[in-house]
Participant: 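Handing you a structure now.
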Amino acid sequence: MPAAKKGLAKGKVEEPSLLDQLIGAVSAQKAAFCCGGEVQLSNNEENLLSRFENLTYDDGKATSASIVLRWDLPSGKTVRKLALPPSEAADGAAVIEGLLKHCTPATFGKAGEEVLDESYRKAAKLDAHQFSTNFNPHDVGIVDAISQILLPGIAKPFVDGKSTFEDNLGVAAELYKLNIYSGPSGKFRAHVDTPRGAKQFGSLVICLPYPHEGGQLRVAHQGLETIFDWGQKEANKIQWAAFYSDCEHEVLEVKSGHRITLTYNLYVRERLGGVMRQNTSVNLKQYALSNKFIDALKAPDFMTKGGVLGFYCQHAYAHTNDNHRNRLPYALKGIDAVFYSTFYHLGLDVEVRPVMKGMPDEDDRKLRKQLQGAELVGAKLHGVILSDVGGCEDEGSATMIVKSKWLSEWYKGIVWFNEPGPRELAMVHMAYGNEPSLEWHYSSAAILVKVPASGSELRDKVTKG
Ligand SMILES: O=C(O)CCC(=O)C(=O)O
Ligand SMILES: [Fe+2]
């Protein structure tokens with residue numbers, strides 16, 4: 001830590017205690033600037049077949065098949081292949097020499113230009129379009145681990161005009177280069193990677209199983225550093241590290257062998273919610289619901305005057321919690337997501353609203369009659385309403401109090417598909433009586449779709465699709 005160094009130079013201030021150092025290392029997310037690990041290789045076909053059998057990592061580690069690299073020869077007509085770890089029989093060393101022959105020297109970015117300088121970076125490279133591999137960091141849980149450790153430090157809620165959400169974000173790892181740092185002098189001096197666009201937040205390095213010594217990766221951030229030493233004599237595992245773009249890092253000199261790596265750019269991207277977007281990769285027309293609904297709309301006697309379809313969400317979303325409500329509709333899942341996105345993509349007016357079904361018994365007969373078959377639909381999603389109204393006799397019935405404080409409208413004639421699902425506390429107010437007490441009201445999240453009337457422009461548009 002810089003402060004400690006200054007103190008020591010004067011010979012007055014003592015080294016911070018181990019505990020202080022530990023606290024310093026954990027504070028303000030400092031410790032979560034990089035992560036890494038290893039994945040064992042499995043040569044046994046049976047093990048590979050069952051490698052996704054374990055639900056948790058407590059039950060067994062993820063393993064990887066041995067890795068195959070294929071690359072194009074400059075003519076573009078022939079493809080070469082290298083299996084890793086190298087088998088002696090296949091004369092791995094000769095194949096590596098062949099691979100190196102088809103690589104070009106790796107450059108690095110300096111003041112916006114690609115520079116070749118072997119005193120700074122000595123390595124060979126293939127660009128992502130020049131090779132392919134059966135290895136994918138998603139398969140062995142590496143991308144999930146990065147999402148869990150590095151993403152929270154950068155996933156600030158982003159605003160898309162409608163909602164703010166950070167739980168919906170995930171990590172995309174894009175293959176960037178194959179690099180070979182060969183002994184005795186392969187290296188990459190201390191540098192910071194150039195992010196490729198605003199959504200890149202870090203880099204992932206996968207060290208493939210090939211014998212080498214040295215070539216440690218040093219990653220530094222705010223006075224802390226981690227060293228990843230991947231040298232191995234008997235290459236039997238894949239090792240990896242991921243770090244934020246603003247971390248200084250370097251590859252120390254490789255002493256012997258070849259340090260073969262795959263590098264990936266890490267991007268932050270929407271993980272949940274894509275189904276609800278205009279440019280989704282899901283074809284909503286393939287939902288049975290979509291076609292059935294279009295058929296119904298085509299029938300002249302189906303909701304001729306238009307109306308409202310209602311579907312109570314089947315999953316719980318904490319929709320009256322101020323921190324969570326903005327994530328709807330993007331956090332909808334399962335059948336709720338299918339229902340919402342089907343109608344949304346047909347171009348209809350669809351919203352998630354809180355609904356209070358079954359208001360308390362209403363004493364006032366006139367009001368009771370009026371409200372028969374009506375549901376109280378919240379005007380929008382919002383936090384729990386706490387009110388001190390209701391403590392006196394003349395403050396009206398519970399129904400009237402809720403209606404006056406809980407921003408809502410009465411809806412009659414909603415065509416419901418199902419019964420209310422999970423309920424959340426929506427409003428609390430005083431209740432008049434001998435003893436002071438509280439009255440609690442609950443709402444369910446529901447998806448409401450406005451069905452256009454027969455002959456309307458919108459209905460014609462939807463049916464002609
Ligand atoms: O190979 C490594 O460990 C790091 C490589 C690196 O820093 C880079 O490709 O920018
Ligand atoms: Fe780098």
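Order of listing sets the numbers, starting from 1, for every ligand and every atom in it. All residue numbers refer to positions in the sequence shown, counting from 1. What you see is a predicted model, and the numbers here were worked out from it, not measured in a lab.
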Participant: Which of the numbered atoms in ligand 1 are under 4.0 angstrom from any heavy atom belonging to Arg121?
Facilitator: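 Counting from 1, the qualifying ligand atoms are 9 (O).
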
Participant: Is Arg189 in contact with ligand 1, taking contact as a heavy-atom separation below 4.0 Å?
Facilitator: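 No, Arg189 has no heavy atom closer than 4.0 Å to ligand 1.
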
Participant: Give the numbers and elements of all ligand 1 atoms closer than 4.0 Å to a heavy atom of Val251.
Facilitator: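 Every atom of ligand 1 under 4.0 Å from some heavy atom of Val251: 1 (O), 2 (C), 3 (O), 4 (C).
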
Participant: Can you find a heavy atom in the side chain of Lys233 that is under 4.5 Å from one in the side chain of Glu213?
Facilitator: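 Heavy-atom side-chain distance check fails, nothing below 4.5 Å.
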
Participant: Verify whether one side chain among Tyr267 and Arg196 offers a donor that lies under 3.5 Å from an acceptor in the other.
Facilitator: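 Judged by distance alone, the side chains do not pair up.
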
Participant: Does at least one non-hydrogen atom of Phe228 fall below 4.0 angstrom from an atom of ligand 1?
Facilitator: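 Heavy atoms of Phe228 never come under 4.0 Å of ligand 1.
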
Participant: Specify the closest pair of heavy atoms between Cys34 and Phe228, including all atoms of both residues, with the distance to one decimal.
Facilitator: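 In terms of heavy atoms, the two residues are closest at SG-CZ, 4.0 Å.
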
Participant: Which word best sums up how the rings of Tyr181 and Phe188 line up, parallel for under 30°, tilted for 30 to 60°, or perpendicular for over 60°?
Facilitator: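 Plane angle under 30°, so parallel.
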
Participant: Tell me yes or no: between the side chains of Ser203 and Asp193, is some donor less than 3.5 Å from an acceptor?
Facilitator: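 Their side chains do contain a donor-acceptor pair, which is all the 3.5 Å distance test asks for.
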
Participant: For the Fe ion (ligand 2), what is the closest N, O or S atom on Asp193?
Facilitator: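 It is OD1 of Asp193.
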
Participant: Give the atom numbers and elements of ligand 1 that come within less than 4.0 Å of a heavy atom of Val205.
Facilitator: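 Answer, ordered by atom number: 1 (O), 2 (C), 3 (O), 4 (C).
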
Participant: Between Phe339 and Phe417, what is the ring plane arrangement, given parallel below 30°, perpendicular above 60°, and tilted in between?
Facilitator: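 Rings of Phe339 and Phe417: perpendicular, as their planes differ by over 60°.
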
Participant: Under a heavy-atom criterion of less than 4.0 Å, does His191 contact ligand 1?
Facilitator: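 Right, His191 reaches ligand 1.
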
Participant: Is any side-chain heavy atom of Leu84 less than 4.5 Å from a side-chain heavy atom of Val68?
Facilitator: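 No, side chains not in contact.
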
Participant: Heavy-atom contacts with Asp193 under 4.0 Å: which atoms of ligand 1 show up? List them by number with element.
Facilitator: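 Those atoms are 10 (O).
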
Participant: Please report which non-hydrogen protein atom sits nearest to atom 3 (O) of ligand 1, along with the residue it belongs to and the distance in Å to one decimal place.
Facilitator: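 Answer, as residue, atom name and distance: Arg259 NH2, 2.7 Å.
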
Participant: Any N or O on His249 sitting closer than 3.5 Å to an N or O of ligand 1?
Facilitator: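 Yes.
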
Participant: Is any side-chain heavy atom of Met356 closer than 4.5 Å to a side-chain heavy atom of Ser443?
Facilitator: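 SC-SC contact between Met356 and Ser443 confirmed.
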
Participant: One residue to check: Tyr181. Relative to ligand 1, which of side chain, backbone, both or neither has a non-hydrogen atom less than 4.0 Å away?
Facilitator: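 The answer is the side chain.
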
Participant: Considering heavy atoms of the protein only, find what lies nearest to atom 8 (C) of ligand 1 and give residue, atom and distance to 0.1 Å.
Facilitator: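 Answer for atom 8 (C) of ligand 1: Phe188 CE1, 3.7 Å.
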
Participant: Are any of the heavy atoms in Glu250 under 4.0 Å away from ligand 1?
Facilitator: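 Heavy atoms of Glu250 never come under 4.0 Å of ligand 1.
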
Participant: Does any non-hydrogen side-chain atom of Val451 lie less than 4.5 Å from one of Leu348?
Facilitator: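 With C-beta onward as the side chain, the pair stays apart.
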
